[in-house]
Amino acid sequence: MTFLAIDVGNTRLKWTLYERPAAGARVLAHGAEFLEQLDRLAEGPWAEFAEPTRMLGCIVAGQAVKHRVHEQMERWEVEPRWVVASDAEAGLTNGYDFPARLGADRWVAMIGARHHMLARGPARPILLVMVGTAVTVEAIDASGRFLGGLILPGHGIMLRALESGTAGLHVPTGEVVEFPTNTSDGLTSGGTYAIAGACERMFRHLFLRSGAEPLCLMTGGAGWKMMPSMMRPYELVENLIFDGLLVIAQEREALHGGV
Ligand SMILES: Nc1ncnc2c1ncn2[C@@H]1O[C@H](COP(=O)(O)OP(=O)(O)O)[C@@H](O)[C@H]1O
Ligand SMILES: CC(C)(COP(=O)(O)O)[C@@H](O)C(=O)NCCC(=O)O
Ligand SMILES: [K+]
């Protein structure tokens, strides 16, 4: 029983085909496409394997993109299924004012993060930083309750906002340095330290609230760029969204024989 997991963000569609819908399942194939190029999936990489038995995904990219993804799956019988954040699922409870309005990618990544932690040791609070098009900084307590999270612009959006709102900030990408002495380095360092500073702030909020030292995890396509500039040790876990989708699929399969 193969399982296709899909994560559609605001920049790229990422997909992984697993041998079965269960945590730790073997990867059979995987890939990523920028949203502009997703229309070549069906005749490209997805033509190279047999129809998956199950599919589950998360999408935050909007209806038009979702429709295009469905078009790529049309030649298959398998029903496209998309996670919606709820009050509780797979060991996580949702503290959002309106739980379904929480980004599905954030919800799924938090489920992946909690299972990642519990597979390695006792329950602790988790600070989860996800660096994609936007950056989110999530706080989860030791019982698995999502307390709340920050939303910040990612590197690309910060740079484009500064470029379009000023006359003098059209420069190439710079380096992250402590004391920038040119415009490029000033912009690159400013964006990076804005994100690192917000993470540190949330770390303190969570530590104070929970009384225990949070485990710091980082994920998302641009996570590797942030790692060297963080103010404390973080573990970079590339596949938290896919780990979360596997956990959800496994639970749903056990509960009602489908995702
Ligand atoms: N090889 C890469 N291709 C594209 N974007 C990359 C790559 N490596 C890092 N990035 C960065 O990662 C971000 C996209 O990350 P991703 O997790 O795919 O975002 P989203 O989930 O919002 O689509 C881009 O803003 C880009 O700066
Ligand atoms: C915060 C996000 C834009 C992040 O998107 P991404 O960077 O992964 O493309 C997305 O999770 C979203 O649209 N969330 C809905 C609003 C919310 O979570 O409150
Ligand atoms: K994402």
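Whatever order the structure lists ligands and atoms in, that order sets their numbers, starting from 1. Position 1 is the first residue of the sequence; numbering continues from there.
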Worksheet item: So what's near the K ion (ligand 3), protein N, O or S atoms under 3.4 Å?
Response: D105 OD2
Fill in: Within 45° cone of Y18 ring axis and under 6.0 Å: R26 NZ or CZ
no
Discussion item. I'd like to check atom 15 (C) of ligand 2 in this structure: does the protein have a heavy atom lying under 4.0 Å from it?
Written reply: yes
Worksheet item: Of V247, L92, V83, which meets side chain to side chain contact (heavy atoms under 4.5 Å, CB included) against V108?
Response: V83
Fill in: Donor-acceptor under 3.5 Å (T219 side chain, V237 main chain)
yes
Worksheet item: What atoms in ligand 2 come closer than 4.0 Å to a heavy atom of T133?
Response: 7 (O), 9 (O)
Item to complete: State the atoms of ligand 2, each with its element, that fall below the 4.0 Å cut-off from a heavy-atom position in R101.
Response: 15 (C), 16 (C), 17 (C), 18 (O), 19 (O)
What side-chain donor-acceptor pairs closer than 3.5 Å can you find for residues 7-17, not counting sequence neighbours?
residue: T11; atom: OG1; partner: T133; partner atom: OG1; Å: 2.5
residue: K14; atom: NZ; partner: R12; partner atom: O; Å: 3.2

Discussion item. Does either side chain, that of R120 or that of H116, offer a donor lying less than 3.5 Å from an acceptor on the other one?
Written reply: yes
Discussion item. Does the structure place the NZ or CZ of R204 under 6.0 Å from the centre of the six-membered ring of F207, at an angle of no more than 45° from the ring's axis?
Written reply: no
Between the protein and ligand 1, which nitrogen or oxygen pairs come in under 3.5 Å, and how far apart is each?
residue: ligand 1; atom: 17 (O); partner: G221; partner atom: N; Å: 2.8
residue: ligand 1; atom: 18 (O); partner: R12; partner atom: NE; Å: 2.7
residue: ligand 1; atom: 18 (O); partner: R12; partner atom: NH2; Å: 3.1
residue: ligand 1; atom: 18 (O); partner: K14; partner atom: NZ; Å: 2.9
residue: ligand 1; atom: 21 (O); partner: K14; partner atom: NZ; Å: 2.8
residue: ligand 1; atom: 22 (O); partner: N10; partner atom: N; Å: 3.4
residue: ligand 1; atom: 22 (O); partner: T133; partner atom: N; Å: 3.0
residue: ligand 1; atom: 22 (O); partner: T133; partner atom: OG1; Å: 2.5
residue: ligand 1; atom: 23 (O); partner: N10; partner atom: N; Å: 3.4
residue: ligand 1; atom: 23 (O); partner: T11; partner atom: N; Å: 2.8
residue: ligand 1; atom: 23 (O); partner: R12; partner atom: N; Å: 2.8
residue: ligand 1; atom: 23 (O); partner: K14; partner atom: NZ; Å: 3.3
residue: ligand 1; atom: 27 (O); partner: K225; partner atom: NZ; Å: 3.3

Worksheet item: Counting heavy atoms only, which of L102, N10, L35, D7 is nearest atom 3 (C) of ligand 2?
Response: N10
Item to complete: Would you mind checking if D141 and R209 are paired as a salt bridge, meaning a charged N to carboxylate O distance below 4.0 Å?
Response: no
Worksheet item: Heavy-atom distance under 4.5 Å between the side chains of F203 and P214, does that happen here?
Response: yes
Worksheet item: Would a hydrophobic clustering, with Ile, Leu, Val, Met, Phe, Trp and Tyr connected at side-chain separations under 4.5 Å, put L56 with L4?
Response: no
Item to complete: Would you mind reporting whether V131 and W224 have side-chain heavy atoms less than 4.5 Å apart?
Response: no
Worksheet entry | Region of D105 engaging ligand 2 - heavy atom pairs below 4.0 Å | side chain
Worksheet entry | Donor-acceptor contact below 3.5 Å, side chain R106 vs main chain M130 | no
Worksheet item: Looking only at protein heavy atoms, which one is nearest to atom 1 (C) of ligand 2, and how far off is it?
Response: T136 CG2, 3.9 Å
Worksheet entry | Option nearest atom 17 (C) of ligand 2 (shortest heavy-atom distance, choices E138, R12, M130, R106) | R106
Worksheet item: Between the main-chain N or O of L127 and the side-chain N or O of E138, is there a donor-acceptor pair closer than 3.5 Å?
Response: no
Practice prompt. For F146, enumerate each residue passing the ring-ring contact (aromatic ring centres under 6.0 Å, His included) test, keeping only those at least two apart in sequence or located in another chain.
Written response: Y96
Worksheet item: In terms of side-chain geometry, is the basic nitrogen of E253 or R54 positioned less than 4.0 Å from the acidic oxygen of its partner?
Response: yes
Worksheet item: Tell me: protein heavy atom nearest atom 7 (O) of ligand 2, and distance?
Response: A134 N, 2.8 Å
Worksheet item: atom 19 (O) of ligand 2: which protein heavy atom is closest, and how many Å away?
Response: Y96 OH, 2.5 Å
Worksheet, complete the sentence: Separation between CD (E238) and CE (M218), nearest 0.5 Å, reads 11.5 Å
Worksheet item: Got the closest protein heavy atom to atom 13 (O) of ligand 2, with its distance?
Response: V60 CB, 4.1 Å
Worksheet item: What are the atoms of ligand 2, with element, lying closer than 4.0 Å to any heavy atom of G103?
Response: 11 (O), 14 (N), 15 (C), 17 (C), 18 (O)
